[in-house]
Amino acid sequence: MTSSGAPLQAPIGTHDVLGPASAEWEGLIATFAQFAYRFGFSLIISPLFEDVAVFNRGIGEQSDVAKKEMYVFSDRSDRTYALRPEGTASVVRAFVQHQPNTPWKAWYVTPAFRYERPQAGRYRQHHQLGVEVLGTDDPAVDVEVIALAWRFYEALGLRKVRLLINSMGHDDCRDGFVQLLRDHLSSNASKLCDEHGRLWSENPLRVLDCKKEACRAVTDSGPQLPDHLCDECREHFDRVLNGLSALGISATRDPRLVRGFDYYTRTTFEFVSDSIDGAQNAIGGGGRYDKLAEQLGGKPASGIGFGSGIERLLLARTAEGVQQVLLKRDLDIFVVDTTGVDAATPIVDQLRRAGYAVDRAYDGRSMKAQMKVADKSGARLALLLGPQELAGGQITMKDLRNDDFSNSQRTFDLSDLVANIAKQLEE
RNA sequence: GUGGGCGUAGCUCAGUUGGUUAGAGCGCCAGGUUGUGGUCCUGGAGGCCGCGGGUUCGACCCCCGUCGCUCACCCCA
């Protein structure tokens with residue numbers, strides 16, 4: 001279990017994002033930032049690790065994540081921290097700590113860590129982007145948060161996404177339902193699947209989520225969550241459903257949808273991609289958490305949010321064959337210098353200060369070699385500096401996208417450089 | 001935590017019933033006379049064949065272990 005001798009590599013279940021993949025990531029994140037901005041959210045950056053209590057009290061000590069998937073560690077002063085396993089708890093902790101004016105709308109993009117066996121669409125470090133709204137329980141906010149996710153997925157080109165939605169109820173009605181469910185499970189415990197036959201009493205709601213036939217049969221015949229909502233919760237849920245419907249967002253009610261964290265109340269929802277085979281088809285999810293701020297030691301404040309896994313969004317995009325380019329980051333100019341006196345450096349600096357994206361070759365390679373690099377860089381223009389140009393105070397500009405080699409370049413005085421480039425790039 | 005598949009150059013992969021200097025394509029580097037890219041041609045660099053042990057005269061190939069990758073179960077993003 002040591003790393004001695006073996007070549008260093010990224011830890012199990014983690015990966016480096018580089019090359020074309022990083023451009024896709026950059027585009028995805030930029031797109032989300034744009035949507036968050038349009039919807040009135042501001043970016044929040046909070047610590048990657050928190051006092052372990054933030055997560056234990058947040059997502060629930062009985063949840064699988066808290067029990068066996070968290071990266072917990074002690075620092076040199078023996079404080080116990082955990083790497084964030086999800087995005088919401090930290091944001092709510094920050095809300096409690098700083099007490100910003102409400103409603104408070106924050107968006108984030110962050111790594112999340114869970115100690116699990118990796119497989120397709122599941123990693124020990126994955127990345128989420130999401131939003132949280134605190135300080136209001138207006139159903140219009142539920143609708144807005146879901147709509148943000150929905151419109152974002154649309155912008156990514158995803159078409160095979162389904163929205164599943166449920167209401168967990170609030171305090172009393174939820175607790176009442178759990179009691180009924182507990183009674184039902186208790187008298188049918190022998191019929192449950194192996195795992196839940198043993199564990200149902202720890203967290204009865206989880207049994208609803210079990211996909212095994214045995215558990216399904218038992219829960220089908222038992223109490224149903226939607227039948228036990230109080231009048232207020234029912235009205236809230238109806239307003240959410242109506243609001244979505246008014247926006248043309250179709251939601252499928254799923255009474256079994258309880259989600260993995262204990263903090264959810266009322267609205268819960270999940271986005272699944274029908275293009276992804278296998279179990280990792282949830283590309284996003286979220287819900288309302290009206291007690292979480294209190295659980296983290298703050299004043300009562302309602303909240304709702306959603307998070308989406310970047311890796312799974314990309315998986316879904318690939319599965320759907322989406323070719324859409326989200327972000328173009330082509331270079332404007334590539335500078336080739338064969339003068340031997342590094343004439344490129346001040347030119348490159350001048351052009352970058354003028355706002356152009358500029359790169360150059362290094363190591364004094366041959367003009368042919370530098371031109372090949374220029375070609376591969378994707379730059380629109382190449383600037384050539386050789387002994388001839390140097391002697392005459394000139395520079396040669398070549399349009400790399402012009403197929404006609406003989407007519408693709410011209411030489412002019414260095415003092416006319418920026419003006420000529422501006423003109424050329426306009427075309 | 002449990003099970004299946006796989007680990008040969010930077011990447012994708014060949015490698016004949018175990019037999020001598022381990023190959024290809026792509027990429028990379030250098031050339032193809034006079035300072036110029038995308039096609040083409042030539043040459044070159046680059047591999048403890050994941051790691052350790054075993055069987056054998058001899059192992060990339062067979063056996064065991066180990067590490068890693070991958071897929072699935074569980075759960076989730």
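So you know, we letter chains A, B, ... as the sequences are listed, proteins then strands, and number each from 1.
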Between B/rG7 and B/rG43, how far apart are the C1' atoms? Round to whole Å, please.
32 Å

Taking the side chain as every heavy atom from C-beta outward, state whether A/L244 and A/I165 have any atom pair closer than 4.5 Å.
yes

Do side-chain atoms of A/R124 reach the backbone of A/T14 as a donor and acceptor pair under 3.5 angstrom?
no

Near-ring test A/Y264/A/Y289, centroid separation under 6.0 angstrom:
no

Look at A/Q119 and B/rU70 and indicate whether a side-chain polar atom (N or O) is within less than 4.0 Å of OP1 or OP2.
no

Could you give the distance separating B/rC62 and B/rG3 at their P atoms, to the nearest angstrom?
22 Å

Candidate nucleotides B/rA77, B/rA72, B/rG68, ranked by approach to the side chain of A/Q280 - the nearest:
B/rA72

Main-chain N/O of A/L314 paired with A/T318 side-chain donor or acceptor, under 3.5 Å:
yes

Near-strand residues of residues 339-350 of chain A, defined as heavy-atom separation under 4.0 angstrom from RNA chain B
none

Could you go through A/R380 and A/D330, starting from their C-alpha distance and side-chain angles, then the distance that decides it, and tell me whether this counts as salt bridge (charged side-chain N to carboxylate O under 4.0 Å, His left out)?
CA-CA 8 Å; A/R380 168 85 187 279; A/D330 284 342; over 6 Å; no

Sub-3.5 Å donor-acceptor pair from the side chain of A/D359 to the main-chain atoms of A/F334, do we have one?
no

Could you tell me whether the side chain of A/Q9 has a donor or acceptor atom within less than 3.5 Å of a complementary atom in the base of B/rC67?
no

Taking atom P in both B/rG19 and B/rC60, what distance in whole Å separates the two?
10 Å

Roughly how many Å apart are B/rC61 and B/rC6, using the C1' atom of each and rounding to a whole number?
15 Å

Assess whether one donor atom and one acceptor atom, taken from the side chain of A/E116 and the base of B/rA77, lie less than 3.5 Å apart.
yes

In terms of the nearest nucleotide of RNA chain B, which residue is placed more toward the 5' end: A/G309 or A/A120?
A/A120

Base, sugar-phosphate or nothing for A/G121? Non-hydrogen atoms, less than 4.0 Å.
base

May I have the distance from A/L18 (atom CG) to B/rG10 (atom P), rounded to whole angstrom?
15 Å

Round to a whole Å and report the spacing from CZ of A/R365 to C1' of B/rA30.
10 Å

Look for any protein N or O under 3.5 Å of an N or O in nucleotides 34-37 of chain B and output each such pair with its distance, or none.
| unit_1 | atom_1 | unit_2 | atom_2 | d |
| --- | --- | --- | --- | --- |
| B/rG35 | N7 | A/Q388 | NE2 | 2.3 |
| B/rG35 | O6 | A/Q388 | OE1 | 2.3 |
| B/rG35 | O6 | A/Q388 | NE2 | 3.2 |
| B/rG35 | O6 | A/E389 | OE1 | 3.3 |
| B/rG35 | N1 | A/E389 | OE1 | 2.8 |
| B/rG35 | N1 | A/E389 | OE2 | 3.1 |
| B/rU36 | O2 | A/K398 | NZ | 3.2 |
| B/rU36 | O2 | A/Q409 | OE1 | 3.2 |
| B/rU36 | N3 | A/Q409 | OE1 | 2.7 |
| B/rU36 | N3 | A/Q409 | NE2 | 3.1 |
| B/rU36 | O4 | A/Q409 | NE2 | 2.5 |
| B/rG37 | O2' | A/D375 | OD2 | 3.3 |
| B/rG37 | O6 | A/N402 | O | 3.4 |
| B/rG37 | N1 | A/L400 | O | 2.7 |
| B/rG37 | N2 | A/D375 | OD1 | 2.9 |
| B/rG37 | N2 | A/L400 | O | 2.4 |
| B/rG37 | N3 | A/D375 | OD1 | 3.1 |

Every stem of 3 or more Watson-Crick or G-U pairs under 3.5 Å that RNA chain B joins, in order of first number, is B:1-7 with B:67-73, B:10-13 with B:23-26, B:28-32 with B:40-44, B:50-54 with B:62-66

Should we count OH of A/Y115 as having more than 12 external heavy atoms under 6.0 Å?
no

Please answer whether the main-chain N or O of A/T268 pairs with a side-chain N or O of A/N166 as donor and acceptor at a distance below 3.5 Å.
no

A/R93 side chain to A/A293 backbone, donor-acceptor under 3.5 Å:
no

Answer with yes or no after comparing the ring centroid distance for A/Y37 and A/F39 against a 6.0 Å cut-off, counting only values under it.
no

Expressed as a whole number of angstroms, how long is the span from A/L205:CG to B/rC75:P?
14 Å

Between C1' on B/rC75 and CD1 on A/I59, what's the gap in Å once rounded to a whole number?
12 Å

Treating A/T31 as the side-chain partner and A/G27 as the backbone partner, does any N or O pair qualify as donor plus acceptor under 3.5 Å?
yes

Please state how far atom CZ in A/R84 lies from atom C1' in B/rA77, giving the value in whole angstrom units.
14 Å

Applying salt bridge (Lys or Arg N to Asp or Glu O under 4.0 Å), which residue pairs with at least one partner in residues 27-45 of chain A are found, sequence neighbours left out?
none

Please state how far atom OH in A/Y153 lies from atom P in B/rA77, giving the value in whole angstrom units.
11 Å

Parallel, tilted or perpendicular: which one describes the rings of A/Y153 and A/F271, with boundaries at 30° and 60°?
perpendicular

Per-nucleotide protein contact along nucleotides 45-51 of chain B, 5' to 3', at a 4.0 Å heavy-atom cut-off (B base, S sugar-phosphate only, - neither), is -------

Using the P atom as the reference point in each nucleotide, state the distance between B/rC13 and B/rA30 in Å, no decimals.
29 Å

Stepwise side-chain hydrogen bond (donor to acceptor under 3.5 Å, both in side chains) check, A/S408 with A/D399:
CA-CA 5 Å; A/S408 63; A/D399 185 346; over 6 Å; no

Name the pairs: protein N/O against N/O of nucleotides 3-8 of chain B, kept only if under 3.5 Å.
none

Residue mapping more 5' on RNA chain B - nearest nucleotide basis, A/I12 or A/G307
A/I12

Whole-Å C1' distance, B/rG65 and B/rU55:
15 Å

Give one of base, sugar-phosphate or nothing for A/A374, where a contact means two heavy atoms less than 4.0 Å apart.
nothing

Spacing of A/Y123 atom OH relative to B/rU70 atom C1', expressed in whole Å:
11 Å

Output yes when a side-chain donor or acceptor of A/D332 lies under 3.5 Å from a complementary backbone atom of A/A357, and no otherwise.
yes

What do the steps show when you test A/T219 against A/R256 for side-chain hydrogen bond (donor to acceptor under 3.5 Å, both in side chains), and what is the final call?
CA-CA 9 Å; A/T219 50; A/R256 293 179 177 279; 2.8 Å; yes

Quantified in whole Å, what is the C1' atom distance between nucleotide B/rU17 and nucleotide B/rG53?
25 Å

Relative to the ring of A/W25, is the ring of A/H15 parallel (under 30°), tilted (30 to 60°) or perpendicular (over 60°)?
perpendicular

Can you tell me, in whole Å, how much space there is between the P of B/rU39 and that of B/rG23?
28 Å

When the distance from CG of A/D363 to C1' of B/rC28 is rounded to whole Å, what number comes out?
14 Å

Does A/V52 offer a backbone N or O that forms a donor-acceptor pair with the side chain of A/T80 under 3.5 Å?
no

